[in-house]
Amino acid sequence: MGQACAGCTADQRAVEQGGVTEQQIQQQIRIACSHGQTRLFRNNTGTLRDQHGRPVQFGLCKGSADLIGWRTITITPEMVGQQVAVFASIEVKTATGRLRPEQQQWLDAVQAAGGIAGVARSVEDAEALLTSVTADG
C-alpha cells in the first residue's frame, strides 16, 4: 500500500502501520469482558435493501456503539440482595480512531440515562469502563 490513501478506512491504515484493527480490538474486548456480571454483544448498524428494493435498517440506531450489553449490580441498602442490569455501551476505536458526532451523542445519552458508556481502545479500557460501576453497588 505504500503511502496512506485518502480512501482507506481506519482499520486499513492501522494494519498498514502494523497495528491492530478495530474489529480485532472489539473481539478481544467482547471475549475478555463478557463474563460474570457483564454481557456484551456486537451491535452492527446500517441499511440494506430487501428483495423488493426497500431499505431495511438494522442495529439500534445510527451512532449507537459497537458493543452493547449490561453489567449486573446490587443496589441500595434497602434493596439488599436485589440486582439491576445497568445498560453498557462501548464504542471501540483503534489508537488513532475518532468518534463521529452521532457516536458521541449516543454515548452522552447513555451516560445521562445512568448507563455505562465510553470509548475503548483496548481490553483494559473496556474493563475500566465496566468496573466504573461496582458489582457491590
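Side chains included, hydrogens not; waters and symmetry mates left out as well; all remaining heavy atoms used.
- To the nearest 0.5 Å, atom CG of residue Leu107 and atom OG of residue Ser89 are 5.5 Å apart.
- For the pair Leu67/Asn43, no side-chain contact is recorded, criterion being any heavy-atom separation below 4.5 Å from C-beta on.
- In this structure a side-chain-to-backbone donor-acceptor pair under 3.5 Å is present from Arg121 to Gly97.
- At a threshold of 4.5 Å between non-hydrogen side-chain atoms, the residues Thr47 and Val56 do not count as touching.
- With a 4.5 Å cut-off on side-chain heavy atoms, Lys93 and Glu22 count as touching.
- Atom SG in Cys33 sits 12.0 Å away from atom CZ in Arg39 (nearest 0.5 Å).
- Taken together through direct or relayed side-chain contacts under 4.5 Å among Ile, Leu, Val, Met, Phe, Trp and Tyr, Leu130 and Trp70 form parts of separate hydrophobic clusters.
- Atom CD of Gln111 has more than 12 neighbouring heavy atoms from other residues, nucleotides or ligands inside a 6.0 Å radius.
- Separating the CZ atom in Arg71 from the OG atom in Ser34 is a distance of 11.5 Å, to the nearest 0.5 Å.
- In this structure, Thr131 contributes its side chain and Glu127 its backbone to a donor-acceptor pair below 3.5 Å.
- Contact record, Phe58 with Leu48: CE2-CG, 3.7 Å, taken as the closest heavy-atom pair.
- In the hydrophobic clustering of ILVMFWY residues, with side-chain heavy atoms under 4.5 Å counting as a link, Leu129 and Leu99 come out apart.
- Although no hydrogens or angles enter the test, the distance criterion places a donor-acceptor pair under 3.5 Å between the side chain of Arg42 and the main chain of Asp66.
- In this structure, the side chains of Asp125 and Val119 stay at 4.5 Å or more apart for every pair of heavy atoms.
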ask   = Going through the checks in order, is the side chain to side chain contact (heavy atoms under 4.5 Å, CB included) test met by Thr21 and Thr94?
value = CA-CA 6 Å; Thr21 67; Thr94 62; 5.6 Å; no
task = Begin with the C-alpha distance, continue with both residues' side-chain angles, and end with the deciding distance and a verdict on side chain to side chain contact (heavy atoms under 4.5 Å, CB included) for Leu60 and Trp106.
result = CA-CA 10 Å; Leu60 288 179; Trp106 170 265; 3.7 Å; yes
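- Listed here is the closest heavy atom pair of Ala88 and Leu40: CB-CD2, 4.4 Å.
- Put simply, the side chain of Gln103 reaches to within 4.5 Å of the side chain of Arg100, judged on heavy atoms.
- For the atom pair Glu91 CD and Ile68 CD1, the distance stands at 11.5 Å (nearest 0.5 Å).
- Expressed to the nearest 0.5 Å, how far CZ of Arg30 lies from CD1 of Ile25 amounts to 14.5 Å.
- Annotation: the span from Ile90 atom CD1 to Ile116 atom CD1 amounts to 8.0 Å, rounded to 0.5 Å.
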